[in-house]
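Side-chain atoms are counted along with the backbone in the values below, which use heavy atoms only and exclude waters and symmetry mates.
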Amino acid sequence: MGIQHWSTIDASPDEVFAWHERPGALQRLMPPWLPGSVRREATSLEDGRSELALPGGQVWVAQHDPAGFEPGRAFVDERVPGRSSAALGRLRWRHEHRLEPQGGATVMRDRVDTQVGSRLLRPMFVYRHRQLADDLARHHELAAAPMTIAMTGASGLIGTALAAFLTTGGHEVVRLVRHEPAPGERRWDPDAPAADLLDGVDAVVHLAGASIFGRFGDEHRERIRDSRIGPTRRLAELAVASGARAFISASAIGIYGDDRGDEVLSEASEPGDGFLADVTVDWEADTAAASEGGVRTALIRTGLVQTPRGGVLQVLRPLYAAGLGGPLAGGRHWQSWIDLDDLVDIYARALIDERMSGAINAVAPEPVRQRDYAATLAAVLHRPALLPTPALGPRVLLGGQGMRELALANQRVVPSRLAELGHRFRRPALEDALRHQLGRFA
């Protein structure tokens, strides 16, 4: 039982090994369709220990074995049973990672000794090797001196992935948090940030903001607005005072309004109508304090992020897996989407590429109608998409305004600025993105 899996990585063994040694590697290799999260990363591939938090309070503990450690060439981790993993019983897991030079590239070999069969394990290792190869390729493309990057929202869906990508690339991420800070964190008061909050920082990534999902009552709208308007301006002003070189702020394609029909929307398009459009206009205006102060500023207008760990795919996956998915309210409205790893790449480029400034549409090159999204997701999951979903469902969950501005938003957005810059997407096609994110490889 177990599995052996290998692939060729276009990087030297020393580069591949160094990538695995850096903080964030385990996070980048975690398949998003599997339950659990990284609780602790090993500080050493020779004798360190990592922990994954699993459902039901279970903890997966992996201990690195010094006997299997060869600097630059191999490392081994083995599951350690304990009281906090009783539900896993006597499951055996010994994982050997071996790197073999092949010209200027590396043959990466994984060998796992376990009772679990290769049929169940294969998607996980296909995913891990793709992530490793793609991340290293992007790091090569965006080669830059190590930076110190302050980040708000670092524990969120996008921040978790982005921080891990940056640290595996050799950068330092300083997490700005609102609780008592731990090592690598600084306490951030959005209403009155400390004058020295950004001391020693090269760039700022601002991701924080209350979730827009929910019923659009007065309290929800106020929370959305107040978490963005004001805190963004104060952070932008501080970026200028601290001498930061770049200020990268989250934004949203909601700026184009909830229904633009078949109009193709580029960064040059005018804002639309609606609550989210108005908030996003003011949100982006708050960043002017940075650009007017001489700090290069980029606004990442994000589409529907594709990952089963959050957003629309997290909601739809169980429905479609149960055979209950289908076109929503006729399915004619346009959906402008983006693979999570492509979004991470766009933020990374914005940090490093001096040409990235102003509004940037962070969407895949080809938006799709909702009925085509439904058909593609159903095909990837090998399920039918025959049950049309009436608008009543989203109305019950989100209310009338939430339904219009979220579930039925009709926005045909294209990444014109990224195209001008020659940006390469990892997964420009929806089917490839869904297969990668859900482990349903063809």
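A side-chain donor from one of E15 and H140 sits under 3.5 Å from a side-chain acceptor of the other. A side-chain donor-acceptor contact under 3.5 Å links D77 and H97. Looking at D110 and H129, their side chains do bring a donor and an acceptor atom within 3.5 Å of each other. Side-chain N/O atoms of H5 and R122 include a donor and acceptor closer than 3.5 Å.
Between E284 and R301 a salt bridge is recorded (basic side-chain N to carboxylate O distance below 4.0 Å). A salt bridge is defined here as a Lys NZ or Arg NE, NH1 or NH2 lying under 4.0 Å from an Asp or Glu carboxylate O, and D282 with R228 fails to meet this definition. By the 4.0 Å N-to-carboxylate-O rule, R417 lies close enough to E420 to be salt-bridged with it. A salt bridge links R245 with D202: the closest approach of a Lys/Arg side-chain nitrogen to an acidic carboxylate oxygen falls below 4.0 angstrom. The pair D134-R424 fails the salt-bridge criterion, with no side-chain N (NZ, NE, NH1 or NH2) lying under 4.0 Å from an Asp/Glu carboxylate O. Under a 4.0 Å N-O distance rule, the pair R296/D353 does not qualify as a salt bridge. By the 4.0 Å N-to-carboxylate-O rule, R138 lies too far from D135 to be salt-bridged with it.
Of the possible polar contacts, none joining the T106 side chain to the M108 backbone as a donor-acceptor pair under 3.5 Å is found. The backbone N or O of G254 lies less than 3.5 Å from no partner atom in the side chain of T280, so there is not a single donor-acceptor pair. For the pair D286 (side chain) and G230 (backbone), a donor-acceptor distance under 3.5 Å is present. A side-chain donor-acceptor contact under 3.5 Å links S336 to the backbone of Q411. For the pair Y320 (side chain) and G326 (backbone), a donor-acceptor distance under 3.5 Å is present. Judged purely by atom type and a 3.5 angstrom limit, R371 has no side-chain atom pairing as donor or acceptor with the backbone of P327. One N or O on the side chain of T160 and one on the backbone of S155 form a donor-acceptor pair closer than 3.5 Å. Under a 3.5 Å cut-off, the side chain of Q306 and the backbone N or O of W337 do not form any donor-acceptor pair. Looking only at distances, no side-chain donor or acceptor of R427 sits under 3.5 Å from a matching main-chain atom of D432. Remark: the backbone N or O of I229 is not paired with any side-chain donor or acceptor of T232 at under 3.5 angstrom.
In plain terms, the two heavy atoms of V295 and A244 that are nearest each other are CG2-O, 3.5 Å. Shortest non-hydrogen contact noted between G170 and P146 is O-CB, 3.5 Å. Of all the heavy atoms in S50 and A42, the pair that sits closest is CB-N, 3.7 Å. Shown here for A289 and V240, the closest heavy-atom pair between the two residues is O-CG2, 3.4 Å. Taking each heavy atom of R412 and P367 in turn, the nearest pair found is CG-CG, 3.8 Å. Closest approach of T167 and R22 over heavy atoms only: O-CD, 3.5 Å.
Here the CH2-CG distance, from W188 to L197, works out to 9.0 Å after rounding to the nearest 0.5 Å. If you take CG on L166 and NE2 on H139, they are separated by 7.5 Å, rounding to the nearest 0.5 Å. In this structure, CD in Q131 is found 10.5 Å from CD in Q27, a value given to the nearest 0.5 Å. For the atom pair CG (D226) and CZ (R221), the distance works out to 12.5 Å, reported to the nearest 0.5 Å. Here CZ of R332 is found 6.5 Å from CG of D262. Values are rounded to the nearest 0.5 Å. How far OG of S266 is from OH of Y256: 6.5 Å, rounded to the nearest 0.5 Å.
Residue E219 places its CD atom among 12 or fewer non-hydrogen atoms of other residues, nucleotides or ligands, all under 6.0 Å distant. The 12-atom threshold is exceeded at CZ of R187, counting heavy atoms of other residues, nucleotides or ligands nearer than 6.0 Å. Annotation for D14: atom CG counts as buried by contact number, over 12 foreign heavy atoms lying within 6.0 Å. More than 12 heavy atoms of other residues, nucleotides or ligands lie within 6.0 Å of CD in E100, so this atom counts as buried by the packing criterion. The number of heavy atoms from other shown groups lying within 6.0 Å of CG (D189) is above 12.
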Between W283 and L299, does a side chain to side chain contact (heavy atoms under 4.5 Å, CB included) hold up when you go through it step by step?
CA-CA 10 Å; W283 186 13; L299 311 170; over 6 Å; no
Test I346 against I338 for side chain to side chain contact (heavy atoms under 4.5 Å, CB included), laying out the working first.
CA-CA 10 Å; I346 292 167; I338 181 77; 4.1 Å; yes
Under the criterion side chain to side chain contact (heavy atoms under 4.5 Å, CB included), I'd like the reasoning laid out for H20 against L132: C-alpha separation, chi angles, the key distance, then a yes or no.
CA-CA 9 Å; H20 282 89; L132 173 61; 3.8 Å; yes
Tell me, with the steps shown, if D342 and R349 meet salt bridge (charged side-chain N to carboxylate O under 4.0 Å, His left out).
CA-CA 10 Å; D342 274 318; R349 177 178 287 280; over 6 Å; no
From CA spacing to verdict: side chain to side chain contact (heavy atoms under 4.5 Å, CB included), W334, V413:
CA-CA 9 Å; W334 290 97; V413 185; over 6 Å; no
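A heavy-atom distance below 4.5 Å is not found between the side chains of F425 and D339. The shortest distance between side-chain heavy atoms of F213 and V315 does not fall below 4.5 Å. Residues R383 and L377 have side chains not in contact (no heavy-atom distance under 4.5 Å, counting atoms from C-beta outward). Looking at L418 and I360, their side chains come closer than 4.5 Å, going by heavy atoms from C-beta outward. A heavy-atom distance below 4.5 Å is not found between the side chains of L142 and D345. At a threshold of 4.5 Å between non-hydrogen side-chain atoms, the residues L207 and Y347 count as touching. The closest side-chain heavy-atom distance from V38 to L52 is below 4.5 Å. In this structure, Y127 and H436 have side chains that are in contact, with non-hydrogen atoms separated by less than 4.5 Å.
None of L34, L434, L438 except one satisfies the side chain to side chain contact (heavy atoms under 4.5 Å, CB included) rule with P308; the exception is L438.
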